[in-house]
Amino acid sequence: IDLAIESLLDGLIAEYRISPDHLLWYYTPMAIPFSAHLKPAATIYDCMDELSAFQGADSALKQNEQELFRRADVVFTGGHSLYEVKKKQHSNVYAFPSSVDVPHFEKARTHTGEPADQAAIPHPRLGYVGVIDERMDLELLARCAELRPAWHFVMVGPVVKIQVESLPKAPNIHYVGGKSYDELPAYLAGWDVALLPFARNESTKFISPTKTPEYLAAGKPVVSTSIRDVVRPYGENELVLIADRPEDFVAAAERLLANGPGHVQWLAQVDEFLGSMSWNRTWQGMKLLIQDAVSSRGQRAESSEEPMMINPAEKGRDACLTI
């Protein structure tokens with residue numbers, strides 16, 4: 001398989017006439033076997049998760065990551081807890097926690113109307129958006145639904161790597177499936193509280209959930225379990241309430257429900273905090289570090305052209321060119 005992908009990759013490089021001063025941008029060490037022959041101007045490792053801790057992780061992940069560290073000129077991490085680990089494995093590591101497209105999610109603050117599959121769900125609604133996998137604390141969700149049968153829990157996202165049959169079933173838990181990025185503000189608009197009900201295990205030890213600033217930009221009060229990169233900075237700045245036990249989790253949600261959605265003082269704190277978290281700002285910081293990496297290799301072209309870099313501001317970091 002790796003040889004076949006290598007052939008396809010070489011064909012893509014030839015078809016698009018990608019110059020020798022290209023950049024290699026890795027999201028996963030598993031791309032090393034079919035790209036190791038390339039000679040880039042610089043190599044970037046964008047480490048968003050500790051992939052080796054995920055359920056079903058390939059046994060070659062750790063070995064490939066060590067090779068990627070050897071090749072990488074600069075390493076970005078998706079959060080501060082991951083940075084603390086990776087900085088011990090490479091000399092040029094920088095933390096870039098998830099940014100947020102504030103104007104997109106702010107639409108939830110003024111959106112009217114309801115998606116058809118959410119319209120009939122009664123209030124209060126407590127919602128989650130994201131992949132539903134082994135990182136989800138399903139026992140917490142089930143117990144919260146049991147403790148507050150009049151509350152309704154809306155779960156937006158695909159079920160991945162776990163059996164659908166393992167999901168807690170209750171009249172007040174609603175699984176509405178995956179939705180497009182464009183649809184998300186309409187769903188968030190109809191919630192009273194947003195949730196981050198993550199389990200505390202090896203697969204969540206280093207996560208930095210993108211949905212945290214997205215919920216806040218939507219003007220939704222948030223309850224989360226004690227995920228380190230949520231506790232710091234969001235919990236410490238009193239932007240998100242933190243609770244782990246089901247009884248504490250519902251008590252925190254009750255407190256938020258009593259405050260009402262998006263009260264003025266809290267929203268002002270949210271907007272001030274999110275003011276420095278645009279994708280454009282993140283990209284500018286990354287770009288400068290990449291340019292430094294290219295320069296340090298001494299492989300800049302004699303022309304004024306820079307290696308090809310695409311601004312990811314419109315759709316987040318996944319919009320970056322990867323080769």
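All heavy atoms count here, side chains included; hydrogens, waters and symmetry mates do not. None of the values given here were measured: they were computed from a predicted structure.
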Residue that, paired with Phe153, satisfies side chain to side chain contact (heavy atoms under 4.5 Å, CB included) out of Pro197, Pro124, Cys144: Cys144
Report the distance from atom NE2 of His80 to atom CG of Leu82, rounding to the nearest 0.5 Å. 11.5 Å
Go through the side-chain N and O atoms of Ser203 and Asn201 and say whether any donor and acceptor fall under 3.5 Å apart. yes
Under 3.5 Å, is there a donor-acceptor pair between the side chain of Asn172 and the main chain of Arg148? yes
Are Gln163 and Ser166 close enough, and set up right, to give a side chain to side chain donor-acceptor pair (under 3.5 Å), and what steps lead you there? CA-CA 5 Å; Gln163 297 297 315; Ser166 69; over 6 Å; no
Which distance, rounded to the nearest 0.5 Å, do you find between the CG of Leu267 and the NZ of Lys220? 9.5 Å
Go through it in stages, so that I can follow the logic: the residues are His123 and His152, the test is ring pair (Phe, Tyr, Trp, His ring centres under 6.0 Å), and I'd like the CA-CA distance, side-chain angles, deciding distance and then a yes or no. CA-CA 7 Å; His123 289 268; His152 289 264; 9.2 Å; no
Taking the side chain as C-beta and beyond, is there a heavy-atom pair between Thr77 and Met48 under 4.5 Å? no
What I'd like to find out is whether the side chain of Ile173 reaches to under 4.5 Å of the side chain of Leu141, using heavy atoms alone. yes
Rounded at 0.5 Å granularity, tell me how far OG in Ser208 sits from CZ in Arg232. 11.0 Å
Is there a chain of hydrophobic side chains (I, L, V, M, F, W, Y, each step under 4.5 Å between heavy atoms) that links Leu167 to Val131? no
Output yes when a side-chain donor or acceptor of Arg109 lies under 3.5 Å from a complementary backbone atom of Ala217, and no otherwise. yes
Just checking Lys88: does its NZ atom have more than 12 heavy atoms from other residues, nucleotides or ligands closer to it than 6.0 angstrom? no
Thr204 side-chain N/O to Phe198 backbone N/O, donor-acceptor pair under 3.5 Å: no
Stepwise ring pair (Phe, Tyr, Trp, His ring centres under 6.0 Å) check, Tyr234 with Tyr215: CA-CA 12 Å; Tyr234 299 99; Tyr215 286 163; over 10 Å; no
So do the side chains of Val222 and Leu216 get within less than 4.5 Å of each other, counting heavy atoms only? yes
Report the distance from atom CG of Leu257 to atom CG of Leu126, rounding to the nearest 0.5 Å. 6.0 Å
Under a 3.5 Å threshold, yes or no: a donor from one side chain and an acceptor from the other, between His174 and Asp117? no
For Glu65, salt bridge (Lys or Arg N to Asp or Glu O under 4.0 Å) partners two or more places apart: Lys86
Residue list, side-chain contact (heavy atoms from CB on, under 4.5 Å) with Leu8, at least two apart or on another chain: none
Ser296 side chain to Ala293 main-chain N or O, any donor-acceptor pair under 3.5 Å? yes
Considering residues, nucleotides and ligands other than Lys205, do more than 12 of their heavy atoms fall under 6.0 Å from its NZ? no
How close do Lys211 and Gly130 get, counting heavy atoms only, and between which atoms? CE-CA, 3.8 Å
Donor-acceptor contact present, side-chain Gln66 to main-chain Gln63, <3.5 Å: no
Can you tell me if Lys161 has over 12 outside heavy atoms packed within less than 6.0 Å of its NZ? yes
Just wondering, do Ile290 and Leu23 contact through their side chains at under 4.5 Å, heavy atoms? yes
Determine, for Arg70 against Glu67, whether the closest basic-nitrogen to carboxylate-oxygen distance falls under 4.0 angstrom. yes
Parallel, tilted or perpendicular: rings of Phe76 and Phe96 (30°, 60°): perpendicular
Output yes when a side-chain donor or acceptor of Asp229 lies under 3.5 Å from a complementary backbone atom of Ser81, and no otherwise. yes
Does any N or O in the side chain of Asp192 come within less than 3.5 Å of the main-chain N or O of Arg125, such that one atom is a donor and the other an acceptor? yes
Within-4.5 Å side-chain heavy-atom neighbours: Ser224 and Leu241: no
Compare every heavy atom of Pro246 with every heavy atom of Leu140, then report the nearest pair and how far apart it is. CD1-CA, 3.6 Å
Non-neighbouring partners of Ser19 that pass side-chain contact (heavy atoms from CB on, under 4.5 Å), sequence neighbours left out: Asp21
Could you tell me whether the side chain of Lys179 reaches within less than 4.5 Å of the side chain of Val129, counting heavy atoms only? no
Using the test side-chain contact (heavy atoms from CB on, under 4.5 Å), find all partners of Pro185 that sit at least two apart in sequence or belong to another chain. His104, Lys107, Ala108
Expected output: side-chain Asn64 to main-chain Met30 donor-acceptor under 3.5 Å: no
Beyond-backbone contact of Val102 with Ser278, side-chain heavy atoms, under 4.5 angstrom: no
Please determine whether the number of non-hydrogen atoms from other residues, nucleotides or ligands lying under 6.0 Å from atom CD of Glu236 exceeds 12. yes
Test side chain to side chain contact (heavy atoms under 4.5 Å, CB included) on Val74 and Tyr45 and set out the steps. CA-CA 7 Å; Val74 61; Tyr45 177 23; over 6 Å; no
Between Phe273 and Pro233, what is the shortest heavy-atom contact and its length? CZ-CG, 3.6 Å
Any side-chain heavy-atom pair from Leu196 and Val223 closer than 4.5 angstrom? no
Name all residues meeting the side-chain contact (heavy atoms from CB on, under 4.5 Å) criterion together with Glu139; count only those two or more places apart in sequence or in a different chain, and write none if there are none. Asp137
Rounded to the nearest 0.5 Å, the OG1 atom of Thr43 sits from the CD1 atom of Ile32 at a distance of 7.5 Å
Do side-chain atoms of Asp244 reach the backbone of Ser226 as a donor and acceptor pair under 3.5 angstrom? yes
Contact summary for Gln269 and Leu239, nearest pair of heavy atoms: CB-CD2, 3.9 Å
Flag if over 12 foreign heavy atoms under 6.0 Å of CG, Leu288: yes
Under 3.5 Å: donor-acceptor pair, side chain of Asp49, backbone of Leu51: no
Of all heavy-atom pairs between Val176 and Tyr187, which one has the smallest distance, and what is that distance? CG2-CE2, 4.4 Å
Residues Trp191 and Gln118: side-chain donor-acceptor under 3.5 angstrom: yes
Sequence neighbours excluded, which residues qualify as salt bridge (Lys or Arg N to Asp or Glu O under 4.0 Å) partners of Glu84? Lys87
